[in-house]
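Note that the structure is a prediction, hence the values are computed from the model and not measured.
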Amino acid sequence: MDLDTTISRLRGVLREAQGVIPAGELRFAEQQVEEALTRRGLAGGHTVVALVGGTGSGKSSMFNALTGGEHADVGVLRPTTRRPTACTWGEAPRGLLDHLGIAESERITRDTLLAHAREEHLEGLVLLDLPDQDSIAEGHAGVVDRLVPLVDLLVWMVDPQKYADHVLHERYLGPLAARADSMIVVVNHADSLTEDGLGRVLADVHRILGEGGLGEVPVLSSSVASGAGVEEVRTAIAEVVAEGSRADATARAQVAGVANWLSRRFADGEADLSEEAIEPTVDALVRASGTDAVAESIERSLSRISGAPVANASPPARPAVAAIGSGWAGHATHGLPKVWAREVERKLPSVESLTHAVGEAVESVPLPEARVRRADQLLIGAGIAFALAVVVLAVGAIAAWPWVAYVLGAVAFVALAGALAWRSLSVRAEEADRVARGYSESAREGVREAVDRMLVEPTGEVLERHRSLREALASMSS
């Protein structure tokens with residue numbers, strides 16, 4: 001993805017995130033994008049390299065060694081570097097230096113035509129000596145924070161005693177893992193260690209960097225006091241300068257850093273809104289609505305010949321709905337940062353609205369007729385058959401002959417009446433069960449539609465927005 005496309009997409013994310021992510025953070029991100037574009041436009045053919053390190057790391061001494069002078073402050077007083085200093089090989093890029101915030105008094109120009117021939121390949125280099133990154137002096141850390149994203153190559157100077165400094169790794173190196181190809185780590189004061197000790201320190205630095213996703217970062221050693229390792233640092237810088245302008249790469253890295261910074265306002269994923277995840281909420285609201293009791297009364301009424309009262313559906317109790325709604329909100333916002341959790345909760349209905357919607361859903365389901373006509377017809381048929389049996393017996397009692405035929409006929413009608421009566425009861429029970437289940441299914445479907453409309457849809461809109469922006473940021477910060 002080219003830089004312009006990346007910036008366009010990032011600005012799209014910033015627009016879409018309005019109303020969720022704090023406005024101040026969105027403005028800061030936009031300012032960073034603008035700064036990246038400005039920095040790219042001002043770079044020209046220059047390569048900006050910064051020496052960064054903590055108090056006593058020797059970066060200012062390294063700056064003096066590389067520039068061949070005593071330009072940077074070196075002394076007992078700490079922090080030694082109060083303001084960023086810049087040395088340019090060749091013509092100084094005034095606009096770029098202004099943008100980087102380098103004061104006129106802190107600008108040095110090293111004319112490669114007058115310098116040694118071995119420095120001609122550094123033409124276009126702008127070397128910065130930044131304030132100590134661990135300084136407690138007001139504003140020093142802020143200067144480092146602002147300039148680090150604008151630099152093409154970061155040369156981290158570390159002390160053998162403080163190379164595992166928490167602030168260095170957590171605040172700077174860790175978040176810059178995507179810029180591993182634009183960093184060098186130099187373990188200075190190597191002369192204070194034995195050969196074996198230096199080897200162990202270098203191995204440990206490699207290990208720590210690897211754990212932070214920076215395993216490919218070159219690690220050098222130096223002793224500025226003796227001059228050991230200075231040339232290796234100079235060579236590493238020269239190789240970057242020889243590659244030509246890194247303006248696009250640096251701007252891209254800065255934009256990626258902005259995307260990565262914004263990603264802290266996003267979770268790694270979204271809540272499950274599948275059928276299986278929704279069913280528990282539907283089940284709970286169905287139970288709270290009392291439709292099970294209505295279905296039982298329907299089955300009882302239809303299964304009895306004399307019938308029975310049928311219960312009426314009613315809205316669920318408010319406390320029950322409040323508890324169920326709270327459970328849904330907890331599921332929907334699980335793992336989300338606060339800003340997105342608040343957005344989900346803002347979109348969800350009030351307890352009263354949800355209660356009303358569920359109540360309307362169950363009350364709109366029609367109650368069935370109180371009679372089972374087919375069962376009644378069978379029962380009437382049984383009565384008729386029994387009456388015919390009585391008639392046959394009566395006729396047989398009057399007639400003298402053949403009485404056995406009349407008895408058999410009466411028995412047949414009684415058997416028919418019994419069969420019809422049994423079938424009537426069976427049909428009544430089957431129909432009562434079918435109608436009750438039909439009512440339960442209709443009531444459940446109504447509750448499910450209310451859940452979809454009142455809970456799932458608003459939640460899904462926010463989570464889909466979160467997913468879309470999260471994936472867009474991930475594609476830019478990778």
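The distance from the CE atom of Met476 to the CD1 atom of Ile7 is 10.5 Å, given to the nearest 0.5 Å. The CD atom of Glu363 lies 7.0 Å from the OG atom of Ser314; values are rounded to the nearest 0.5 Å. If you take CD on Glu195 and CG on Leu193, they are separated by 11.5 Å, rounding to the nearest 0.5 Å. Rounding to the nearest 0.5 Å places CG of Leu37 at 9.0 Å from CD of Gln254. Within the model, atoms CG of Leu127 and OG1 of Thr88 stand 9.0 Å from one another, a figure rounded to the nearest 0.5 Å. Between atom CD1 of residue Ile237 and atom NE2 of residue His121 there is a gap of 10.0 Å, rounded to the nearest 0.5 Å.
Electrostatic pairing of Glu104 and Arg94 counts as a salt bridge here, judged by a charged N lying under 4.0 Å from a carboxylate O. Salt-bridge check for Glu106 with Arg83: passed, with a basic side-chain N closer than 4.0 Å to an acidic carboxylate O. A salt bridge links Asp283 with Arg444: the closest approach of a Lys/Arg side-chain nitrogen to an acidic carboxylate oxygen falls below 4.0 angstrom. Look at Glu231 and Arg234 and you find a salt bridge, because one of the NZ, NE, NH1 or NH2 atoms lies within 4.0 Å of a carboxylate O, short of that distance. A salt bridge does not link Arg465 to Glu461: none of the charged nitrogens lies less than 4.0 Å from a carboxylate oxygen.
You'll find the side chain of His99 reaches within 4.5 Å of the side chain of Glu35, heavy atoms only. Residues Ile184 and Val240 form no side-chain contact, since every pair of their non-hydrogen atoms from C-beta on lies 4.5 Å or further apart. Under the 4.5 Å side-chain criterion, counting only non-hydrogen atoms from C-beta, Val126 is not in contact with Val49. Between Val217 and Trp156 there is no side-chain heavy-atom pair separated by less than 4.5 Å. For the pair Thr85 and Ile108, the minimum side-chain heavy-atom distance is below 4.5 Å. Using a 4.5 Å cut-off on side-chain heavy atoms (C-beta onward), Val186 and Leu51 make no contact. Within the 4.5 Å cutoff, the side chain of Ile324 has no heavy atoms near those of the Leu354 side chain. Side-chain contact between Pro84 and Leu147 is present, with at least one heavy-atom pair separated by less than 4.5 Å.
With sequence neighbours left out, the salt bridge (Lys or Arg N to Asp or Glu O under 4.0 Å) criterion links Asp292 to no other residue. Not counting sequence neighbours, Glu360 has no partner by the salt bridge (Lys or Arg N to Asp or Glu O under 4.0 Å) test. In this structure, the ring pair (Phe, Tyr, Trp, His ring centres under 6.0 Å) partners of Trp340, at least two apart in sequence or on a different chain, are Phe266, His466. For His189, the ring pair (Phe, Tyr, Trp, His ring centres under 6.0 Å) criterion is met by no residue, not counting sequence neighbours. Residues that satisfy the salt bridge (Lys or Arg N to Asp or Glu O under 4.0 Å) test with Asp272, not counting sequence neighbours, are absent from this structure. Residues meeting the side chain to side chain donor-acceptor pair (under 3.5 Å) test with Asp196, sequence neighbours left out: none. Taking the salt bridge (Lys or Arg N to Asp or Glu O under 4.0 Å) definition, one finds that Arg318 meets it with Glu352, sequence neighbours left out.
Of the N and O atoms on the side chains of Asp2 and Thr5, at least one donor lies less than 3.5 Å from an acceptor on the other residue. Using modelled atom types and a 3.5 Å distance limit, the side chains of Ser226 and Ser223 yield a donor-acceptor pair. A donor-acceptor contact under 3.5 angstrom links the side chains of Thr459 and Trp328, judged on distance only. A donor and an acceptor atom, one from each side chain of Ser57 and Asp159, are nowhere located under 3.5 Å apart. Ser60 and Asp129 are linked by a side-chain donor-acceptor pair at a separation below 3.5 angstrom, with hydrogens and angles left out of the test.
Residue pairs satisfying the ring-ring contact (aromatic ring centres under 6.0 Å, His included) criterion with at least one member in residues 1-55, sequence neighbours excluded, are listed as follows: Phe28-Trp261. Legend: side-chain hydrogen bond (donor to acceptor under 3.5 Å, both in side chains) pairs involving residues 10-20, not counting sequence neighbours, sorted by first then second residue: Arg11-Glu30, Arg11-Glu34. For residues 191-247, no residue pair satisfies the ring-ring contact (aromatic ring centres under 6.0 Å, His included) rule, not counting sequence neighbours. Screening residues 447-458 for side-chain hydrogen bond (donor to acceptor under 3.5 Å, both in side chains) gives Glu275-Arg448, Glu279-Arg448, Arg448-Asp452 as the qualifying pairs, with residues at least two apart or on separate chains.
Environment of CD in Glu471: crowded, with over 12 heavy atoms of neighbouring residues, nucleotides or ligands closer than 6.0 Å. At most 12 non-hydrogen atoms from other residues, nucleotides or ligands lie less than 6.0 angstrom from CZ of Arg9.
What you find for Val241 and Thr47 is that their closest heavy atoms are CA-OG1, 4.1 Å. For Pro458 against Met454, the heavy-atom pair with the smallest separation is CG-O, 3.2 Å. What you find for Ala251 and Arg40 is that their closest heavy atoms are CB-CB, 4.2 Å. Pairing each heavy atom of Cys87 with each of Phe63, the nearest pair is CB-CZ, 3.8 Å. Closest approach of Leu285 to Val451, counting heavy atoms only: CD1-CG2, 3.5 Å. Heavy-atom minimum distance, Ala332 versus Val344: CB-CG1, 4.1 Å.
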Decide side chain to side chain contact (heavy atoms under 4.5 Å, CB included) for Arg110 and Trp89; before the verdict, give the C-alpha distance in whole Å, the side-chain angles of both, and the deciding distance to 0.1 Å. CA-CA 5 Å; Arg110 190 164 176 80; Trp89 275 254; 3.4 Å; yes
Run the side chain to side chain contact (heavy atoms under 4.5 Å, CB included) test on Leu10 and Val255 for me, step by step, so that the C-alpha distance in whole Å, both residues' side-chain angles and the decisive distance to 0.1 Å come before the verdict. CA-CA 8 Å; Leu10 178 56; Val255 172; 3.6 Å; yes
Does Gln32 form a side chain to side chain contact (heavy atoms under 4.5 Å, CB included) with Arg27? I'd like the steps, not just the answer. CA-CA 9 Å; Gln32 291 296 301; Arg27 284 195 299 271; over 6 Å; no
Could you walk me through whether Asp98 and Arg107 pass salt bridge (charged side-chain N to carboxylate O under 4.0 Å, His left out), step by step? CA-CA 10 Å; Asp98 288 343; Arg107 300 179 185 184; 2.4 Å; yes
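No donor-acceptor distance shorter than 3.5 angstrom exists from the side chain of Thr333 to the backbone of Leu336, with no hydrogens or angles considered. Side-chain N or O atoms of Lys347 include none that pairs as donor or acceptor with a backbone N or O of Val462 at under 3.5 Å. The backbone N or O of Pro349 sits nowhere less than 3.5 Å from a side-chain atom of Ser353 that would complete a donor-acceptor pair. In terms of modelled atom types and a separation under 3.5 Å, the side chain of Ser442 and the main chain of Gly438 share a donor-acceptor contact.
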Using a 3.5 Å cut-off and no angle test, enumerate the donor-acceptor pairs between side-chain atoms of residues 148-155 and protein atoms at least two apart in sequence or in another chain.
residue, atom, partner, partner atom, Å
Asp152, OD1, Arg39, NH2, 2.9
Asp152, OD1, Thr250, OG1, 2.2
Asp152, OD2, Arg39, NH2, 2.9
Asp152, OD2, Val48, N, 2.7

